[in-house]
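For reference, the structure discussed in these notes is given below.
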Amino acid sequence: AASGRFEVALPEPAEELVAAARSSADGAGAGSGNSGASGGAKGSDTLREGQLAMELDAVLASQLDYQRSLHEAKLRVLEEQHHAAVAETRSREEAEETRRRQLEAELAEAQHRRGRLEQKHSKAQQARARAEEELEFAKELNRSLLANRLEMQR
């Protein structure tokens, strides 16, 4: 039973039962004729019952073996399906892990690029502020020069 198989013990073979029934019938036949006939009937009934019991045991053992083979086949199919499902799940898991790594790399690159753009933006704002100051200075200088020219023309 430990290996998954069951051993069926069948009763004595039919030939031994027949020989036993004959020997008892021969022994009973030596007595009165009437008791020999009833003893022979009992012996043949016992023989017939033994044969039927052996046939039944053989049929049951065959059915059990067939059922066992069906269940083993189902187990093999289910095991194959399970292995296929596990392999598919692992494959999807690996694909998702690869995708996650790719997205992390893209995120790191985007963050790095953002940092560079923020630095450029900061430098551009500083340059703009300087340009506005220079423009304001140039406008003020221009106004001052115009005012000086107007004063000189008077």
Side-chain angles (χ1 to χ4, degrees), residues 1-25 40-154:
S3 68
R5 294 187 179 256
F6 294 94
E7 302 231 356
V8 178
L10 298 176
E12 305 172 358
E15 295 87 33
E16 292 177 12
L17 286 176
V18 171
R22 283 187 185 148
S23 65
S24 67
K42 279 187 181 178
S44 72
D45 285 346
T46 303
L47 178 64
R48 182 71 181 143
E49 286 176 10
Q51 289 174 340
L52 288 175
M54 284 192 319
E55 288 178 19
L56 180 61
D57 286 344
V59 167
L60 290 175
S62 172
Q63 288 177 343
L64 284 173
D65 188 49
Y66 177 72
Q67 290 295 321
R68 178 191 50 78
S69 67
L70 284 179
H71 288 290
E72 286 176 350
K74 285 180 185 178
L75 282 174
R76 280 191 298 275
V77 167
L78 290 174
E79 185 177 10
E80 289 172 4
Q81 290 174 350
H82 173 72
H83 287 302
V86 167
E88 181 181 339
T89 301
R90 285 187 181 148
S91 174
R92 272 193 254 132
E93 182 180 334
E94 289 172 1
E96 290 297 322
E97 181 64 21
T98 301
R99 178 75 175 137
R100 183 188 63 79
R101 286 185 190 138
Q102 180 184 10
L103 290 174
E104 283 179 349
E106 289 177 14
L107 177 63
E109 175 60 29
Q111 288 173 339
H112 184 67
R113 199 168 139 234
R114 179 182 179 189
R116 287 191 318 254
L117 290 174
E118 285 176 350
Q119 287 176 349
K120 283 183 179 181
H121 180 260
S122 176
K123 288 179 182 178
Q125 283 181 332
Q126 290 172 357
R128 180 177 171 233
R130 277 193 305 267
E132 285 178 355
E133 286 176 10
E134 290 175 4
L135 177 64
E136 193 59 41
F137 175 74
K139 284 182 181 180
E140 188 62 38
L141 183 63
N142 195 23
R143 276 187 235 128
S144 175
L145 289 173
L146 284 175
N148 285 343
R149 188 166 111 190
L150 281 177
E151 266 185 45
M152 287 169 70
Q153 287 177 353
R154 286 190 202 169

Could you tabulate the donor-acceptor pairs under 3.5 Å formed by side-chain atoms of residues 76-95, not counting sequence neighbours?
unit_1	atom_1	unit_2	atom_2	d
Glu88	OE2	Arg92	NH2	2.7
Thr89	OG1	Ala85	O	2.8

Partners meeting side chain to side chain contact (heavy atoms under 4.5 Å, CB included) with [X] (sequence neighbours left out):
X      : result
Glu134 : none
Glu97  : Arg100, Arg101
Leu107 : Gln111
Leu103 : Arg99, Glu106

Table please: side-chain donor-acceptor pairs of residues 117-130 below 3.5 Å, with sequence neighbours left out.
unit_1	atom_1	unit_2	atom_2	d
Glu118	OE2	Arg114	NE	3.1
His121	NE2	Gln125	NE2	3.4
Arg128	NE	Glu132	OE2	3.3
Arg128	NH2	Glu132	OE2	3.2

Could you tell me the separation between the CG atom of Leu64 and the OG atom of Ser69, rounded to the nearest 0.5 Å?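 So the CG of Leu64 and the OG of Ser69 are separated by 11.0 Å.
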Can you give each donor-acceptor pair under 3.5 Å made by side-chain atoms of residues 138-145, sequence neighbours left out, with the distance rounded to 0.1 Å?
unit_1	atom_1	unit_2	atom_2	d
Glu140	OE1	Arg143	NH1	2.9

